[in-house]
Amino acid sequence: MSAIKELENLEIDLQQQLSQEVKKLLESWEKKKASYKGEFYSYTVRGKEIKVENYVESLSHTKIPKILLPRFKDWGEIVKWSMQENVPGEFPYTAGVYPFKRMNEDPTRMFAGEGSPERTNKRFHYLSKGMPAARLSTAFDSVTLYGEDPDYRPDIYGKIGNSGVSIATLDDAKKLYSGFDLSSPTTSVSMTINGPAPMILAYYMNAAIDQECEKYIVANNLVEQTEKLIEELYRDSGMARPVYLDEDGSNALPEGNNGLGLLLLGVTGDQVLPQDVYNECKIKALSSVRGTVQADILKEDQAQNTCIFSTEFALRMMGDVQEYFIAEKVRNFYSVSISGYHIAEAGANPISQLAFTISNGFTYVEYYLSRGMKIDDFAPNLSFFFSNGVDPEYSVIGRVARRIWAKAIKLKYGGNERSQMLKYHIQTSGRSLHAQEIDFNDIRTTLQALYAIYDNCNSLHTNAYDEAITTPTEESVRRAIAIQLIINRELGLAKNENPLQGSFIIEELTDLVEEAVLTEFRRITERGGVLGAMENMYQRNKIQEESLYYEQLKHSGEYPIVGVNTFLSSKGSPTVIPQEVIRSTTEEKEQQIKNVRSFQERNREKIGAAITKLQDDSVHNRNIFASLMDAAKVSSLGQLTNALYEVGGQYRRNM
Amino acid sequence: METVAPYKTTNKVRIVTAASLFDGHDAAINVMRRIIQATGCEVIHLGHNRSVADVVSCAIQEDVQSIAMTSYQGGHIEYLKYMYDLLHEQHAGHVKIFAGGGGTILPVEIEELQAHGIARVYSPDDGRHMGLQGMINDLVEQSDFVTPNIFAANLSTAVAERNPAAIAQAISAAERNDMASIDFVKGAKQSPVLGITGTGGAGKSSLTDELIRRFLADFPDKRLGVISVDPSKRKTGGALLGDRIRMNSVSSPRVYMRSIATREANVAINKHVGDVVKILSYAGFDLILVETAGIGQSDSQITEVADVSMYVMTPEYGAASQLEKIDMIDYADIVALNKFDKRGALDALRDVKKQMQRSRTAFNVSPDTMPVFGTIASQFNDPGTNTLYSEIITLLNDRCAVGWKSSYSISEEMSEKIYIIPPERTRYLAEIAEENERYDAYVESQSDIARKLWQVKSTVEMLKK
Ligand code: B12
Ligand SMILES: Nc1nc2c(ncn2[C@@H]2O[C@H](COP(=O)(O)OP(=O)(O)OP(=O)(O)O)[C@@H](O)[C@H]2O)c(=O)[nH]1
Ligand SMILES: [Mg+2]
């Protein structure tokens, strides 16, 4: 046999060893490359064709490609790259879940909350001024985070409206988001709430439904009639109607707020509209709301500590919410934001952050499956949230997370493409910012933001330079937003959307971190899975050990931090307090106490039945979210929390 | 930065550590409490989200020298001043308050707080100047004193009135071997004592908390004393008194709880536990619970002070033959097989019952009648725990003739668990790792084949040319 013949036989043999998918991949390679080379790239999303320009032109008229494919000729390299890296938008989504970034919408999403709902509403309008989409992110005050009501007791009083916004009733929620159309595709609202997440979510959904009712009332010229009805309702009760009242004691709305959401302040849509109309509005609102509720109770027990109910009961309520979302077709709202941010900020290194977070994510998958939900019904409702520090591993955190998730959902759980796509919000690390030489903090944040944007995060919060001292002021938050805008709009290399691909160190780090995460998965398995490990405080312990390690190196100076333990100014770089520090005012505290009390007074007669129904559903192991939605109309947060303690049990703290 | 050596205490220093109300920022306090403990102190860590009332009543009951807090979420002025005032109101003005909150507590606020009487608030600049150990040395040195006996000659009356500060000081006196000060308790009639022991992490504290909750609800006028013993570290003399953090029910005014360290090596029980029981009996507590650390051989020491002793274990003891090595199965009046949600729980229940039958040589009765109960302490209103509770009350009535009429309703059913993750699914993460690695190996091999194919194809082309 001639050498050629022999080789040709070998070729046939090798051909047969290649799988179908790999053959296809090789056949379409040149075509795939070409599709990014023309002027436009076109693809379809939910049946719609989308055309995107493939290039951006620089001042020097260089055409900068948005997506670049490798120059490989070797088929082995092409196969490996396509199956482990691939272009953004294709399995295993290492480089990103969408083929291209959203046009005209920066990933900016700034976490904000302070004082009364009115004050935060004003801040929200300030933050979204001139932005094509309103991407709100709500920080609640500590009273709210622990599911209680504002009160005069000194240890409670001091916390009202500090570190976030005080929300205790449905009225508060309506004021907070007033002037934003909650059913619009360009509004998305994220809420950082966990222990009381189901209750706050119920307020939110009710606020959205009542906005829908308000739009119906306006569209059908029923405003006057409705006003009259409400007046009558209030005349009967002899109580004053709640009002929108800003810090200066005025009812004027802030710039950008058109008042949507305030017409039904103090009542609910079902009190003023026929039941069938109300139900229509409800269906409409639920299927349109876009946003995220954090609600991730596993990382609460491991790191953030806003647990109030027994972990088991809290998990059960998460499952109830997800089931409700499936039944009511809440498709554009993430029922959970599986978070590593708090794990990292409590002290974990990036590898532990990633391993614990993703393992928590798979725990929800297993739990929801065990409750009979289908992977493709719930996986698209899961989202993620990471922290981004300066450590080298942070340059690949999104890449590794997406890759592990996609592989597991596809291969182990048989989920579809939407389920395989891991979407995440990322925030620059607060713990990496310091009280000394605070001007330098913006530099750290810039570098971290660059990591995040190059890694194709889906949304991003950049911390303000006064992070170690106060929640941001208008001035400091403006600089923090500028960091993102400068990268997104000015930095030339960021016009390319896969700048990390093809770098030796990035590929190496990706493999190393992925392997380290899988190793951690095995350690957790040895301890009985995520819940078993938590029982032995495995995660908490590891996080605390890593935190102590960092603080020791920081304080001994072995880990250099410029302006903090090295490169001090001639004066020794003392802490300098910024011009402005955010604190809630006495008036705001008083107002929140007064409002919650009159809300309770107003609903005194209605609350009993609602709470009985809620508790009854719980005791009989029925899904409680529907009755929680109803109870939320007439109960304050503290009332709901205490009612649920009686049927679900309180959280028991761990070391 | 030079390294600072830990301060050496001359007295036994006890410190409560916690994070403020509605505040989960425990990173700083978790660093500090570890260093405080390594500096030889007994630390009662309360964790996060603690009201002023919680911290103050703990500080008083535990007779500590100081409180170390973190507060990051604002309201620190109100919180810390209120704590200071409440301590003074309750005659515990000697308890010092230390705090920190990074940059969130402004320098002017630090001045205001220290002027009000807060011993010290540590800023990030303090951290830089003093170092971590330096801050702790400062704090511990200021706490290195004997807590004053504010009741002096009235101690016995105050204890009898169940003044928590008085009880606390009487216990401290016992721990200091100052028997003269507590001479008055000698003749007191001993209250019933339930001893709880078991392996580390078996769920003793969770179960204790659940039993307390039921007892308080069942007997609205009865009072409970709780003693909890944890081991001291031989090297430093420090101890982490870690049971109190788990107890939600001890905030009731009808409960007094005291955490004590063994202060000796290789013992499960502090030699003064008997004295503490006397003090609590003298004070008129209706029932006294004693939780001790399980360290194997010495577990059975508990039976010396307890009227009824309970052993807490889990189904995860390994092979059935291991059961023979567990002394406490021989000594305990009752066994709680906790974590009944674990794999193999039913088998374990049968095996433990058999072992107890053997140990009691009770071959004439069915093993089913042995007092072994499956419980899930981490589950709210767990039926198994209800059964266990009733059984304990029955036993106490038998042994101590207290004549308690329990109206606790129990269901006959066994603990049945609604699983979050079914026991047979707990390997999910390893399965994912395996599945992902299988994919990687597949990619590797396909890539190799593709490379060879490309090489062969190219060669053929070259040869043909
Ligand atoms: C870590 C962190 C978190 C972690 C906490 C994890 C955990 N388990 O602790 C996470 C991400 C969960 C978190 C959540 C929140 N956080 Co936070 N967080 C921080 C952060 C980044 C660091 C604080 C820290 O622990 N530092 C480490 C310690 C060791 O160092 P240090 O603070 O410099 O302290 C020094 C001294 O003061 C001293 N010290 C401190 N305490 C003590 C105690 C003793 C006894 C001693 C001896 C010494 C001492 O030790 C250090 C020595 O150098 C700060 C911002 C910052 N950079 O400081 C925000 C910050 C405290 N958080 C803030 C907020 C608002 C929140 C939230 C309320 C947000 C929200 N609305 O949801 C939540 C609350 C969650 C809850 N459970 O209640 C605000 C508070 C604003 C304010 N007071 O006005 C801050 C300032 C950030 C900001 N600018 O917005 N946070
Ligand atoms: N799965 C499960 N976990 C439980 C159960 N009871 C307690 N736990 C968990 O076990 C861990 C230890 O509980 P603790 O009550 O602190 O145990 P302990 O025996 O007092 O521990 P030490 O005092 O440290 O020896 C915690 O994480 C509890 O949540 C149970 O019935 N089932
Ligand atoms: Mg314990």
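Letters A, B, ... are given to chains in the order of the sequence lines, protein chains preceding strands, and every chain is numbered from 1.
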Top of B:N30, B:I420, B:L463, B:V460 for chain A proximity - count of heavy-atom pairs under 4.5 angstrom: B:I420
Any donor-acceptor N or O pair under 3.5 Å, side chains B:R33, A:Q544: yes
Heavy-atom contact with chain B under 4.5 Å, split by part of A:V530: both
Option that, when pairs with chain A are counted at under 4.5 Å, heavy atom only, ranks first among B:T426, B:D125, B:L106: B:D125
Which residues share a salt bridge (charged side-chain N to carboxylate O under 4.0 Å, His left out) with A:D155, sequence neighbours left out: A:R153
Pair A:T144-A:D141, side-chain donor/acceptor within less than 3.5 Å: yes
Residue part contacting chain B, namely of A:T363, when any heavy atom lies under 4.5 Å: both
Greater than 12 external heavy atoms within 6.0 Å of B:R425's CZ: yes
Top contributor to chain A interface from B:E109, B:M83, B:K81 [non-hydrogen pairs under 4.5 Å]: B:E109
Sole residue of B:D382, B:N248, B:T385, B:I376 in side-chain contact (heavy atoms from CB on, under 4.5 Å) with B:E210: B:T385
Region of B:P124 in contact with chain A, defined by heavy-atom distances below 4.5 Å: both
Residue B:S206 versus chain A: region with a heavy atom under 4.5 Å: both
Most contacts with chain A, counted as non-hydrogen pairs under 4.5 angstrom, among B:Q133, B:E435, B:E316, B:M247: B:E435
Chain A contact via B:R34 - side chain, backbone, both or neither, heavy atoms under 4.5 Å: side chain
Parallel, tilted or perpendicular: rings of B:Y84 and B:H116 (30°, 60°): perpendicular
Donor-acceptor side-chain pairing of B:S378 and A:R652 below 3.5 angstrom: no
Engaged part of B:L240 at the chain A interface, taking heavy atoms whose separation is under 4.5 Å: side chain
OH (A:Y549) with more than 12 external heavy atoms under 6.0 Å: no
4.5 Å side-chain heavy-atom contact, A:W29 and A:V79: no
Interface moiety of A:R527 toward chain B, non-hydrogen atoms closer than 4.5 Å: neither
Aromatic plane relationship, A:Y413 with A:F362 - under 30° parallel, 30 to 60° tilted, over 60° perpendicular: parallel
Donor-acceptor side-chain pairing of A:N654 and B:R246 below 3.5 angstrom: yes
Neighbourhood of chain B inside residues 305-313 of chain A, taking heavy atoms under 4.5 Å as contact: A:N305, A:E312
Segment of A:I524 engaging chain B (4.5 angstrom heavy-atom cut-off): side chain
Options B:E437, B:H45, B:R427, ranked by heavy-atom pairs under 4.5 Å with chain A, top entry: B:E437
Max heavy-atom pair count under 4.5 Å with chain A, selected residue of B:T104, B:V456, B:N49: B:N49
Residue A:E148 versus chain B: region with a heavy atom under 4.5 Å: side chain
Which portion of B:S71 sits near chain A, non-hydrogen atoms under 4.5 angstrom: side chain
Toward chain B, the part of A:I577 with a non-hydrogen atom under 4.5 Å: side chain
Side chains of A:Y364 and A:L298 in contact at under 4.5 Å (non-hydrogen atoms): yes
Contacting moiety of A:S573, where chain B heavy atoms sit under 4.5 Å: both
Part of A:E21 within contact of chain B (heavy atom distance under 4.5 Å): side chain
Over 12 foreign heavy atoms within 6.0 Å of CD, A:E77: yes
Heavy-atom proximity to chain B below 4.5 Å, by part of A:R653: both
Which atoms of A:R583 approach chain B - backbone, side chain, both or neither, heavy atom under 4.5 Å: side chain
Note, A:N162 side chain near B:Q73 side chain (heavy atom, < 4.5 Å): no
